[in-house]
Amino acid sequence: MMNFKDFCDQIEKNVSSYLPPQYQGAQIRIQKNRKVNLGDLAGVSVTMPGQACGPVIYLNNYYKDVAKGNMTMSQVFEGIAREGTESLDKLKNTEIGGFNPSMLSVWSAMKDRIYLSAVGLTRNKDLLSTVPHREMGDIACTYRIHLKGPDGSDGTILVNNQMMDTFHVNEEQIFQAAVENTLKNTPPTLNRMSVVTSCMMMQQSGHREETKERLLDNNLLDVDTLKKGEPEEQNQSSRDEETRSEGHDQISLDDDLPLFVLTTSAMTLGAAVVFVPNVLEQIQQKMPEGFFVLPSSIHEVMIVPRKLGSDPRQLDEMISDINETQVDPEDQLSDLCHEYDADRKMLICPTAPELNKVKDEEPELVPGVSL
């Protein structure tokens, strides 16, 4: 049985000959990427001349299949070539495929593309040591550069410390840019579970814009107030009785399943909106008895009113079970229930107090760099 290094060497030497003629000139290179929740993974990149990037096909599962006798090396070469060909076809004439890598060092070119992204803190300590981030409970807020891809999909690049230094900005400035972009283009949404379930079905059918409109039409958050950077309570006196009757204050828990989903209008990488200023404060206004935050995935979190009498340890067990049985490993966020601390205006872990750090003071901005 060949070892993994020899396996990778065989991939690098042979895959190109299995590609179709139009991709015979592709550069085939083995590389190691640090993936969220998964650690370091070996993959083979397939990049055409003149392009900044190409698809990366990860090799661990292929190696396991060979070790078990489920695949021959020829079948592995064919499978990787097929994956690479399909991805290269999609990259043609897209921003991702023709992206100029020199722009990655230019803050003015990148600042409007940066968005929030959440990962689990305890699951990704090695990764987090290499990227700018901030923490709250067992959730860390990282930052990704979004590139428009085929069929409306997005490719993303995780901002690391080296990129931040090249930008000549600090984490606070990246955070501010990411929040501004999120509020402008994919604002936070809080909806009842029934609404989100129907939206998931719409999105799976390819109705992305209709999904976004439905999430925003039923949104229990006041996005306009979030854009102003003010807590909802400061604007409360200006609200008329009609607005109050529409349910923008306290939420009735009697007429529907009292579970709510916090995400973005795009329903991707939405768990990070817990870091958007005043989002948690707005939810507290609607649930004055308090609420729990269940980190269901990197794409969304569940909001459970505290008045339902849930026990944090039981919620931990439920989250862990769901992660183990229903959530893809790369999409998992945390196994720990969080609770909103209204006094400190932050999420805490009731069952893991060692994670409940006091928020640091905001750092000063780097002079001479505009947001």
Side-chain angles (χ1 to χ4, degrees), residues 4 29-43 45 53 56 58-60 101 104-105 107 110-111 113-147 155-179 181-182 269-276 293 295 297-299 301 319-320 323 327-336 338 344 346-349 351-366 369:
F4 188 65
R29 185 169 62 90
I30 299 296
Q31 62 185 58
K32 184 178 289 186
N33 291 342
R34 184 162 288 171
K35 300 286 287 182
V36 172
N37 294 338
L38 302 178
D40 292 336
L41 293 181
S45 63
C53 57
V56 176
Y58 291 98
L59 302 177
N60 297 64
L104 285 174
S105 64
W107 173 246
M110 292 296 103
K111 68 176 184 178
R113 299 172 178 266
I114 292 178
Y115 289 81
L116 306 172
S117 175
V119 301
L121 176 63
T122 56
R123 295 169 181 262
N124 295 281
K125 289 184 177 179
D126 290 342
L127 173 68
L128 291 171
S129 68
T130 67
V131 302
H133 69 280
R134 56 183 57 193
E135 303 168 5
M136 189 163 54
D138 191 37
I139 303 173
C141 177
T142 60
Y143 310 99
R144 287 185 174 273
I145 296 171
H146 282 221
L147 302 174
T156 66
I157 300 172
L158 181 65
V159 177
N160 59 35
N161 291 335
Q162 182 178 358
M163 294 169 67
M164 178 174 65
D165 292 340
T166 303
F167 290 152
H168 301 293
V169 297
N170 60 25
E171 185 274 341
E172 174 66 20
Q173 286 163 293
I174 296 176
F175 174 76
Q176 289 185 15
V179 168
N181 294 334
T182 296
L269 302 179
V273 298
V274 297
F275 288 90
V276 173
V293 175
S297 84
I298 62 174
H299 300 298
V301 296
I319 297 168
S320 180
N323 277 335
V327 184
D328 290 338
E330 58 267 34
D331 288 340
Q332 293 176 16
L333 185 55
S334 171
D335 287 336
L336 296 175
H338 289 62
R344 289 188 282 178
M346 61 182 286
L347 294 180
I348 62 172
C349 296
T351 61
E354 68 277 7
L355 295 173
N356 301 332
K357 300 178 181 179
V358 177
K359 286 184 177 180
D360 296 330
E361 293 184 2
E362 293 184 358
E364 294 183 1
L365 302 182
V366 176
V369 178

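Please read these numbers as outputs of a predicted model, since none were measured by experiment. Atoms considered below: every heavy atom in the structure, side chains included; atoms not considered: hydrogens, waters and symmetry mates.
Of all the heavy atoms in Met163 and Ile157, the pair that sits closest is CE-CG2, 4.3 Å. Heavy atoms only, all atoms of each residue included: Gly43 and Val56 are closest at CA-CG1, 4.0 Å. Pairing each heavy atom of Leu355 with each of Cys349, the nearest pair is CD1-SG, 4.1 Å. Nearest heavy-atom pair across Lys35 and Leu41 is CG-CD1, 3.8 Å. Residue Asn60 comes nearest to Ala42 through the heavy atom pair OD1-O, 3.7 Å, listed as atom of the first residue, atom of the second, then distance.
Counting heavy atoms from C-beta on, the side chains of Val273 and Val301 never come closer than 4.5 Å. Side-chain contact between Trp107 and Ile174 is present, with heavy atoms from C-beta onward closer than 4.5 Å. Looking at heavy atoms from C-beta onward, Val36 lies out of side-chain contact with Thr142 at the 4.5 angstrom threshold. Considering only heavy atoms from C-beta on, Ile348 stays 4.5 Å or farther from His338 through its side chain.
Applying the side-chain contact (heavy atoms from CB on, under 4.5 Å) rule to Glu330 yields the partners Leu38, Asp328; only residues at least two apart in sequence or on another chain are considered. The ring-ring contact (aromatic ring centres under 6.0 Å, His included) check on Phe275 picks up nothing, with sequence neighbours excluded. Scanning for side chain to side chain donor-acceptor pair (under 3.5 Å) contacts around Thr130 gives an empty result, with sequence neighbours left out. In terms of the side chain to side chain donor-acceptor pair (under 3.5 Å) criterion, residue partners of Asp138 (sequence neighbours excluded) are, by chain and number, Thr122, Ser334. Scored by the salt bridge (Lys or Arg N to Asp or Glu O under 4.0 Å) test, Asp335 finds Arg123 as partners (sequence neighbours excluded). Asp40 meets the salt bridge (Lys or Arg N to Asp or Glu O under 4.0 Å) test with Arg34; sequence neighbours excluded. Every residue two or more places apart in sequence or in another chain was checked for a side-chain contact (heavy atoms from CB on, under 4.5 Å) with Asp165, and none qualifies. For the side-chain contact (heavy atoms from CB on, under 4.5 Å) test, residues two or more places apart in sequence or in another chain that qualify with Ala118 are Ile139, Ala271, Ala272, Leu333. With sequence neighbours excluded, the residues forming a side chain to side chain donor-acceptor pair (under 3.5 Å) with Gln31 are Arg29, Asn33, Ser45, listed by chain and number. The side-chain contact (heavy atoms from CB on, under 4.5 Å) test applied to Ser297 returns His299, Glu300, Val327, not counting sequence neighbours.
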- Message: Would Asn181 and Leu116 count as a side chain to side chain contact (heavy atoms under 4.5 Å, CB included) here? Give the steps.
- Response: CA-CA 9 Å; Asn181 294 334; Leu116 306 172; over 6 Å; no
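Here the OG1 atom belonging to Thr156 is positioned 4.0 Å from the CZ atom belonging to Arg144, to the nearest 0.5 angstrom. Rounded to the nearest 0.5 Å, atoms OH (Tyr143) and NE2 (His133) are 9.0 Å apart. With values rounded to the nearest 0.5 angstrom, Asp331 atom CG is found 10.0 Å from Asn323 atom CG. Here CD of Gln173 is found 12.0 Å from NE2 of His168. Values are rounded to the nearest 0.5 Å. Taken from CG in Leu336 to CG in Leu121, the straight-line distance is 10.0 Å, to the nearest 0.5 Å. Rounding to the nearest 0.5 angstrom, the gap separating the CE atom in Met346 from the CD atom in Glu135 is 10.0 Å.
In this structure, His146 and Tyr115 have tilted ring planes: the angle between them lies in the 30° to 60° band.
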